[in-house]
A.B. asks: 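Structure in structure tokens, see below.
So that the names make sense, note that chain A is the first sequence line, chain B the second, and so on, each numbered from 1.
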Number of protein chains: 2
Amino acid sequence: MTGAVDEISETLETEIVEGILPPGTRLEEPALAERFGVSRTPVREALQRLSASGLVELKRRRGTQVLNPSIGRIVEMFEVMAELEAVCARLCARRASPELLATLHDWLERCEQAAESGDPSAYYDANRSFHLAIYKGSGNSFLAEQAELLHLRLTPFRRQQLRLPRRMRQSLTEHSAVVAAIEAGDGQAAETAQRDHILIQGERFGDFLAQFGARS
Amino acid sequence: MTGAVDEISETLETEIVEGILPPGTRLEEPALAERFGVSRTPVREALQRLSASGLVELKRRRGTQVLNPSIGRIVEMFEVMAELEAVCARLCARRASPELLATLHDWLERCEQAAESGDPSAYYDANRSFHLAIYKGSGNSFLAEQAELLHLRLTPFRRQQLRLPRRMRQSLTEHSAVVAAIEAGDGQAAETAQRDHILIQGERFGDFLAQFGARS
DNA sequence: ACTTGCCTTTGTGTATACACAACAGAAAAT
DNA sequence: ATTTTCTGTTGTGTATACACAAAGGCAAGT
């Protein structure tokens, strides 16, 4: 089984993304090796793979730690995410098929239900599926993969946002605007709507951090 | 020295990008280990790193080989590259500084010189620098890194294009239009000009391949 | 008390060895 | 003659061992 490195990297990825391993956490190979009951070799490969996804940072001779980007860096990442999603939305509008529209409406509805029942976790999942549908709906699988990867990288910094008051309902309204634009075949409108939708998240992230002292 | 894995990965990266190791080439660890005079361990890490850059493909239990994407895949990658560059150009126009404009004009001139002397290699280098300047000129370092990485991944499929007749002069004209738009602060014009500039490369790639039989 | 140098400890970088899966070729059976 | 199976070989996956760099603590000197 090559499953060792797969299992390790997937487990660590989940724990990083879910915040169990917060940014800055040191990942020491001997400890992980003992934890997973394997030698250091597969652990190293797993860390290398996580480094490829941009989730951890490998400093030479200084060990591995969960990536702890500066605020400016995170804002930059949200900016790129916004542009990627905008492109996806534009392509969706251009190539929209009945199936895609049905899928989008479906997830939109689930988002609505989650918002009404005030369940942030359910909303988070439905929201994620909605965005993934837009990525794939672009018709460009490479673009979809890139968007999904960046989405994953930003997850640790986005999850906390839904706890902000009224964020769910506002997000829902923005989603509706995007779907409407796609349905109308208006690429420009879909692009700007989706870009703004993501950029607001970046701004909200800034607001969120402003509540505490600024990190690095 | 951690230099072993660095040296190996950089050497292989160069050889892949320059076409010395064509797409599909198998990379066997024992052979590489002997070639570089090291054990398999650093070789494996180097291959893992190249896999992260998207230059090689790691199939489980089936070895490593230089990535050999399908034509459709390459077209998709060019499409994403076009969008990334378009965003960079738009941001350049918005944030253009005198220094950036000077740099762009400088590289534009070098492109011109290379085109006049009919030196594809020199043009290639100047062209690359021109595009890198636009990436960095976006003011978003994360975006610049992503664009540079994708640019690298596409290099094996772009180098051959400059041998096509009149491509250099046409490329030059397109560059001028982009710089003019940036200088005028017209983000929309810069965006579309740069996008078209890259998309043409993608189309040219299709033309190029059409001369032979289609690969996978 | 503070600084500076050495030493110990910890953790990474690399090498080597073993286990096993996958491919290739040959031999045997139909 | 074709197919199937067995076996040898090749190459990857993992474990273990050693080398070395870097961080931290302690002691000695100022």
Side-chain angles (χ1 to χ4, degrees), chain A residues 1-16 20-70 153 215-216, chain B residues 1-16 20-70 153 215-216:
Chain A
M1 263 212 314
T2 185
V5 48
D6 286 339
E7 185 198 330
I8 298 171
S9 59
E10 284 173 18
T11 302
L12 291 179
E13 176 184 307
T14 303
E15 295 185 350
I16 292 173
I20 300 173
L21 295 173
T25 306
R26 289 203 55 174
L27 299 176
E28 294 170 358
E29 295 166 9
L32 293 174
E34 191 185 11
R35 170 183 167 188
F36 288 98
V38 295
S39 79
R40 276 179 51 212
T41 309
V43 170
R44 283 180 69 84
E45 304 221 346
L47 292 178
Q48 201 96 9
R49 193 176 298 185
L50 290 177
S51 164
S53 321
L55 290 177
V56 305
E57 187 180 16
L58 249 77
K59 291 182 181 174
R60 62 174 185 182
R61 283 280 183 195
R62 303 185 90 188
T64 306
Q65 61 181 44
V66 180
L67 205 67
N68 191 8
S70 69
R153 288 180 69 170
R215 218 168 25 177
S216 63
Chain B
M1 263 214 312
T2 185
V5 47
D6 287 338
E7 185 197 331
I8 297 171
S9 60
E10 285 174 16
T11 301
L12 290 179
E13 175 184 307
T14 303
E15 295 185 351
I16 292 172
I20 300 175
L21 296 173
T25 305
R26 289 204 55 174
L27 298 176
E28 294 171 359
E29 296 167 7
L32 292 175
E34 191 185 12
R35 169 182 167 189
F36 289 99
V38 296
S39 81
R40 275 179 52 213
T41 309
V43 170
R44 282 179 70 83
E45 304 221 346
L47 291 179
Q48 200 96 9
R49 190 174 301 185
L50 290 177
S51 165
S53 320
L55 290 176
V56 305
E57 188 180 14
L58 250 76
K59 292 182 179 173
R60 63 174 184 182
R61 283 280 184 194
R62 302 185 92 186
T64 307
Q65 61 181 41
V66 179
L67 204 67
N68 191 8
S70 70
R153 289 180 70 169
R215 218 168 24 181
S216 64

A.B. asks: In chain order, what residues pass the salt bridge (Lys or Arg N to Asp or Glu O under 4.0 Å) check against A:Glu34, with sequence neighbours excluded?
C.D. replies: none

A.B. asks: Measure the distance from CD on A:Gln48 to C1' on D:dT14 and round it to the nearest whole Å.
C.D. replies: 16 Å

A.B. asks: Tell me: CD of A:Glu45 to P of D:dA15, nearest whole Å?
C.D. replies: 11 Å

A.B. asks: All N/O contacts under 3.5 Å from nucleotides 9-12 of chain C to the protein, with atom names and distances to one decimal?
C.D. replies:
| from | atom 1 | to | atom 2 | distance (Å) |
| --- | --- | --- | --- | --- |
| C:dG11 | OP1 | A:Glu28 | OE1 | 2.7 |
| C:dG11 | OP1 | A:Glu28 | OE2 | 3.1 |
| C:dT12 | OP2 | A:Glu29 | N | 3.3 |
| C:dT12 | O2 | A:Arg61 | NH1 | 3.1 |

A.B. asks: Contact between B:Leu32 and B:Leu12 at the side-chain level, heavy atoms closer than 4.5 Å - yes or no?
C.D. replies: yes

A.B. asks: In the structure I gave you, are the side-chain heavy atoms of A:Thr64 and A:Ser51 within less than 4.5 Å of one another anywhere?
C.D. replies: no

A.B. asks: Figure out the CG/P separation between B:Leu32 and D:dG11, and round it to whole Å.
C.D. replies: 11 Å

A.B. asks: Can we say B:Arg49 and B:Asp6 salt-bridge, meaning some charged N sits less than 4.0 Å from an Asp/Glu carboxylate O?
C.D. replies: yes

A.B. asks: Round to the nearest Å and state the distance from A:Asp6 atom CG to D:dT14 atom P.
C.D. replies: 8 Å

A.B. asks: Below the 4.0 Å mark, does D:dA15 have OP1 or OP2 next to a side-chain nitrogen or oxygen of A:Ser39?
C.D. replies: yes

A.B. asks: Could I get the full list of side chain to side chain donor-acceptor pair (under 3.5 Å) partners for B:Glu29, not counting sequence neighbours?
C.D. replies: B:Arg40, B:Arg44

A.B. asks: Are any of the side-chain nitrogens in A:Glu15 or A:Arg35 under 4.0 Å away from the carboxylate oxygens of its partner?
C.D. replies: yes

